[in-house]
Colleague: 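Take this structure first; my questions come after.
These figures come from a predicted structure and were not determined experimentally.
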Amino acid sequence: MKKGFMIVCDGSNGAGKTTVIKGVEQYLKDKGIDVILTREPGGTPIGEKIREVILDPSTPEMIDMTELMLFGAGRAQHLQQKIIPAIDAGKIVISDRFDAAMFSFQHYARGIDLTIIKTINDLALNGFKPAMNIILDLDPCEGLKRVKSRGEGLDRLEVEKQEFLVKARNGYLAQAALAPETFEIVDASQSKEAVLRDVLAIIDTLLIQHQLAV
Ligand code: TMP
């Protein structure tokens with residue numbers, strides 16, 4: 001059986017990942033392509049428990065290394081339990097965030113040494129790499145406004161200083177500049193329709209590359 005592949009939708013908090021992911025899922029299903037949605041932190045029962053611990057705003061005392069290793073632990077479980085089996089079964093896996101977020105948030109924003117991030121991430125991924133990271137790029141100030149307007153409370157990372165989220169955003173842009181073959185940046189300040197249109201153009205190219213275009 002032909003293997004599937006993984007697409008990651010990532011970017012600034014409040015940039016509209018959920019809407020885009022649902023749109024992509026529908027687009028692929030309409031083409032008869034088997035697709036599963038997942039997320040990080042989370043994606044498995046163990047990962048969802050880890051997510052609660054990581055994002056809990058009532059524990060601001062969590063040290064950076066604890067946070068990093070929890071993200072890493074969740075990723076190892078996610079990959080082995082869910083992502084690899086789905087790809088082996090020929091599915092396209094769409095994840096709401098994955099390892100690019102670890103480089104953006106734990107390295108560029110928190111300032112943890114790059115070699116430490118790579119060590120933890122390599123342990124979790126064991127050579128695996130998503131086919132594409134689609135980054136929805138938005139000024140974090142605008143993103144937080146959108147999160148608040150949805151009436152959602154802010155999580156432990158969103159209550160960080162504005163400067164932290166700006167560094168994370170710049171981290172995505174820096175990664176994209178270093179690896180243009182696996183990163184695409186989409187301007188998330190556009191209308192929802194325009195953002196989805198841009199993302200679907202990227203998906204079409206991926207389908208052609210993976211000989212799944214119909
Ligand atoms: P979200 O599900 O609302 O996007 O929240 C997840 C948060 O976790 C978001 O602020 C980004 C952050 N994050 C990291 O800091 N490192 C990681 O490795 C991942 C996957 C997410």
Side-chain angles (χ1 to χ4, degrees), residues 1-40 42-43 75 78-79 82-105 108 118 121-122 124-140 142-143 146 168-214:
M1 173 187 282
K2 202 167 176 307
K3 280 197 177 193
F5 60 93
M6 181 177 185
I7 301 166
V8 178
C9 187
D10 209 323
S12 302
N13 302 49
K17 290 180 280 113
T18 311
T19 313
V20 163
I21 287 170
K22 286 200 182 123
V24 174
E25 179 189 32
Q26 196 55 51
Y27 184 71
L28 293 174
K29 280 191 173 162
D30 289 347
K31 288 180 179 293
I33 295 171
D34 220 350
V35 47
I36 67 157
L37 304 189
T38 190
R39 69 172 179 178
E40 277 207 10
R75 185 159 307 135
H78 190 199
L79 188 74
K82 192 167 179 185
I83 299 169
I84 300 271
I87 288 177
D88 286 348
K91 296 178 186 174
I92 295 185
V93 177
I94 305 175
S95 187
D96 181 335
R97 298 198 195 272
F98 199 59
D99 67 334
M102 184 179 261
F103 288 90
S104 278
F105 283 81
Y108 287 97
K118 277 196 176 139
N121 195 43
D122 288 352
L125 293 191
N126 199 20
F128 176 86
K129 210 173 156 188
M132 183 56 70
N133 293 279
I134 300 173
I135 307 300
L136 304 187
D137 179 53
L138 185 67
D139 174 356
E142 176 59 28
R146 292 187 189 178
R169 177 202 194 178
N170 292 337
Y172 285 115
L173 300 178
Q175 290 181 77
L178 288 172
E181 64 293 348
T182 49
F183 279 83
E184 290 279 359
I185 303 284
V186 173
D187 175 5
S189 69
Q190 307 176 87
S191 69
K192 281 183 185 175
E193 295 73 23
V195 172
L196 184 59
R197 183 203 57 217
D198 287 0
V199 171
L200 293 182
I202 297 166
I203 301 292
D204 279 339
T205 306
L206 282 170
L207 293 179
I208 292 167
Q209 281 168 359
H210 289 83
Q211 292 160 358
L212 281 170
V214 282

Colleague: Just to verify, what does Asp122 make a salt bridge (Lys or Arg N to Asp or Glu O under 4.0 Å) with, not counting sequence neighbours?
Modeller: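 Partners of Asp122 under the salt bridge (Lys or Arg N to Asp or Glu O under 4.0 Å) test: none.
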Colleague: Nearest 0.5 angstrom please: Phe128 CZ to Met6 CE, how far?
Modeller: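 If we round to the nearest 0.5 Å, Phe128:CZ and Met6:CE are 5.5 Å apart.
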Colleague: Let me confirm one number: the CG-CD1 distance from Asn126 to Ile84, rounded to the nearest 0.5 Å.
Modeller: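 Reported to 0.5 Å precision, the distance equals 8.5 Å.
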Colleague: Please list, chain by chain and in numerical order, all residues satisfying salt bridge (Lys or Arg N to Asp or Glu O under 4.0 Å) with Glu25, sequence neighbours excluded.
Modeller: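 So Glu25 forms a salt bridge (Lys or Arg N to Asp or Glu O under 4.0 Å) with Lys29.
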Colleague: Among Val195, Asp96, Val8, exactly one meets side-chain contact (heavy atoms from CB on, under 4.5 Å) together with Lys17. Which residue is that?
Modeller: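 Checked Val195, Asp96, Val8 against Lys17; only one passes side-chain contact (heavy atoms from CB on, under 4.5 Å): Asp96.
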Colleague: I want to check a possible cation-pi pair here: Lys31 against Tyr27, using under 6.0 Å from ring centre and within 45° of the ring axis as the test.
Modeller: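 Judged by the rule, Lys31 and Tyr27 form a cation-pi pair.
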Colleague: Do you know which two heavy atoms are closest between Asn121 and Phe103, and how far apart they sit?
Modeller: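 Closest approach of Asn121 to Phe103: ND2-CE1, 3.5 Å.
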Colleague: Do Leu207 and Ile33 have side-chain heavy atoms sitting under 4.5 Å apart?
Modeller: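 The answer is yes, as the side chains (C-beta and beyond) meet within the 4.5 Å cut-off.
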Colleague: Which pair of heavy atoms, one from Asn133 and one from Ala100, lies closest together, and at what distance?
Modeller: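 That would be OD1-CB, 4.0 Å.
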Colleague: Of all residues at least two apart in sequence or in a different chain, which pass the ring-ring contact (aromatic ring centres under 6.0 Å, His included) check with Tyr108?
Modeller: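 None.
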Colleague: Taking the side chain from Ser12 and the backbone from Asp139, do they hold a donor-acceptor pair closer than 3.5 Å?
Modeller: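 No, because the side chain of Ser12 does not come within donor-acceptor range (under 3.5 Å) of the backbone of Asp139.
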Colleague: With distance as the sole test, does Lys192 use its side chain to make a donor-acceptor pair with the main-chain N or O of Thr19 at under 3.5 Å?
Modeller: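 A pair under 3.5 Å: no.
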Colleague: Between Arg75, His78, Lys91, which is the residue that forms a side-chain contact (heavy atoms from CB on, under 4.5 Å) with Ile83?
Modeller: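 Only one of Arg75, His78, Lys91 forms a side-chain contact (heavy atoms from CB on, under 4.5 Å) with Ile83, namely His78.
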Colleague: Regarding Lys129 and Thr182, do their side chains bring together a donor and an acceptor under 3.5 Å, going by distance alone?
Modeller: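 Absent: no donor and acceptor within the cut-off.
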Colleague: Is there a donor-acceptor pair closer than 3.5 Å between any side-chain N or O of Arg39 and the backbone N or O of Ile94?
Modeller: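 Absent.
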Colleague: Any chance CG of Asp30 has more than 12 other-residue heavy atoms, nucleotides or ligands included, within less than 6.0 Å?
Modeller: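 Yes - once you tally the heavy atoms of other residues, nucleotides and ligands closer than 6.0 Å, there are more than 12.
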Colleague: Is it true that Glu193 and Arg197 have a side-chain N and a carboxylate O under 4.0 angstrom from each other?
Modeller: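 Looking at Arg197 together with Glu193, the answer is no, because their closest N to O distance does not fall below 4.0 Å.
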Colleague: Would you please say whether a donor-acceptor pair under 3.5 Å links the side chains of Ser104 and Gln175?
Modeller: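 Result is yes, a qualifying pair exists.
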Colleague: Could you tell me which non-hydrogen atom of Asp99 sits nearest to which non-hydrogen atom of Leu125, and how far apart they are?
Modeller: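 Here Asp99 and Leu125 meet closest at OD2-CD1, 3.3 Å.
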Colleague: Please determine whether side-chain contact (heavy atoms from CB on, under 4.5 Å) holds for the pair Ile92 and Leu212, giving the CA-CA distance in whole Å, both sets of side-chain angles, and the decisive distance to 0.1 Å.
Modeller: CA-CA 10 Å; Ile92 295 185; Leu212 281 170; 4.1 Å; yes
